[in-house]
Amino acid sequence: VQLQACGVGLVQAGGSLRLSCAASGLTFGSYAMAWFRQAPGKEREFVAVISWSGNIIDYADSVKGRFTVSRDNTKSTVYLQMNSLKPEDTAVYYCAARYNFGTYYYTDYEYWGRGTLVTVSS
């Protein structure tokens, strides 16, 4: 199983960035997908989750209204559209897959991408 995240970026505060994560080696439509992030010196935290069907979506309060998660099961890809970025959004962003139902806890996820760095300058 491989999760390949793309979208490394340096963006100014207030700007936008789109991350994508292409999956291979698993039945993508059977997996909930999530995004987590980890800032330097901090624990990995939940950002967004989308169900296998795309019908159930949830976000961390810190990104609600600014970030949008979506998926295209025909392309085995999940996306994270990030708008109105803030310096505190600076982190390494990870996509993760969990069979069937998603959760908010990174320890529940079976497969992980390698992480992609997002830096938001003030």
Side-chain angles (χ1 to χ4, degrees):
V1 174
Q2 203 166 25
L3 301 180
Q4 184 67 46
C6 297
V8 174
L10 171 63
V11 62
Q12 287 190 328
S16 298
L17 194 63
R18 188 196 200 202
L19 304 182
S20 63
C21 174
S24 60
L26 76 170
T27 306
F28 187 73
S30 296
Y31 283 77
M33 299 297 296
W35 290 93
F36 291 82
R37 67 185 181 186
Q38 189 165 17
K42 293 189 176 181
E43 205 168 302
R44 192 168 299 191
E45 65 174 3
F46 166 77
V47 175
V49 62
I50 184 168
S51 65
W52 58 268
S53 66
N55 289 340
I56 301 172
I57 290 173
D58 204 3
Y59 300 94
D61 288 342
S62 58
V63 307
K64 212 168 276 187
R66 301 187 297 122
F67 290 14
T68 302
V69 62
S70 62
R71 66 188 293 159
D72 185 342
N73 286 354
T74 67
K75 297 180 179 179
S76 298
T77 300
V78 62
Y79 305 94
L80 185 68
Q81 177 66 43
M82 305 184 290
N83 299 330
S84 303
L85 282 161
K86 305 175 181 180
E88 50 264 43
D89 293 319
T90 295
V92 176
Y93 283 73
Y94 298 89
C95 60
R98 185 177 190 271
Y99 180 73
N100 209 357
F101 298 109
T103 75
Y104 304 125
Y105 309 105
Y106 69 86
T107 52
D108 290 340
Y109 285 78
E110 298 150 36
Y111 302 112
W112 288 85
R114 294 184 65 181
T116 183
L117 177 63
V118 172
T119 303
V120 184
S121 63
S122 55

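- Here the side chain of R44 pairs no donor or acceptor atom with the backbone of F36 at under 3.5 angstrom.
- The closest donor-acceptor contact from the side chain of T119 to the backbone of T90 lies at 3.5 Å or more, if one exists at all.
- Note that CZ of F46 is 11.0 Å distant from CZ of R37, once rounded to the nearest 0.5 Å.
- Side-chain contact between V69 and V78: present, with at least one pair of heavy atoms (C-beta onward) separated by less than 4.5 Å.
- Atoms OH and CD, on Y31 and E110 in that order, are 5.0 Å from each other to the nearest 0.5 Å.
- Closest heavy-atom contact between Y59 and A48: CD2-CB, 3.6 Å.
- Here the OG1-CG distance, from T68 to L80, works out to 8.0 Å after rounding to the nearest 0.5 Å.
- Cluster membership for I57 and V63, using ILVMFWY side-chain heavy atoms within less than 4.5 angstrom, is shared.
- Between S20 and T77, the shortest heavy-atom contact is CB-CG2, 4.1 Å.
- Taking 4.0 Å as the cut-off between side-chain N and carboxylate O, K64 and D61 count as a salt-bridged pair.
- In this structure W52 satisfies the ring-ring contact (aromatic ring centres under 6.0 Å, His included) test with no other residue, sequence neighbours excluded.
- Between R71 and N73, the shortest heavy-atom contact is NE-OD1, 2.7 Å.
- Under a hydrophobic-cluster definition in which Ile, Leu, Val, Met, Phe, Trp and Tyr are linked whenever side-chain heavy atoms come within less than 4.5 Å, directly or via other members, L26 and W112 are assigned to different clusters.
- Between the CG atom in L19 and the SG atom in C6 there is a gap of 9.5 Å [rounded to 0.5 Å].
- V92 and G115 make their closest contact through CG1-CA, 3.7 Å (heavy atoms, listed as atom of the first residue, atom of the second, distance).
- Remark: S30 engages T27, Y99 in a side chain to side chain contact (heavy atoms under 4.5 Å, CB included) (not counting sequence neighbours).
- Of all heavy-atom pairs spanning S84 and S16, the tightest one is N-OG, 4.4 Å.
- In this structure, CZ in R66 is found 9.5 Å from CE in M82, a value given to the nearest 0.5 Å.
- A donor-acceptor contact closer than 3.5 angstrom is absent between the side chains of Y79 and D72.
- The structure places OG of S70 at 11.5 Å from CE of M33, a figure rounded to the nearest 0.5 Å.
- Aromatic ring centres of Y106 and Y94 lie farther apart than the 6.0 Å criterion allows.
- Judged purely by atom type and a 3.5 angstrom limit, Y109 has no side-chain atom pairing as donor or acceptor with the backbone of G102.
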- prompt: Between L85 and F67, does a side chain to side chain contact (heavy atoms under 4.5 Å, CB included) hold up when you go through it step by step?
  reply: CA-CA 9 Å; L85 282 161; F67 290 14; 3.8 Å; yes

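- Between C21 and C95, the SG-SG separation falls below 2.5 Å.
- Scanning for side chain to side chain contact (heavy atoms under 4.5 Å, CB included) contacts around K42 gives A39, with sequence neighbours left out.
- The nearest pair of heavy atoms linking A23 to L3 is CB-CD2, 3.4 Å.
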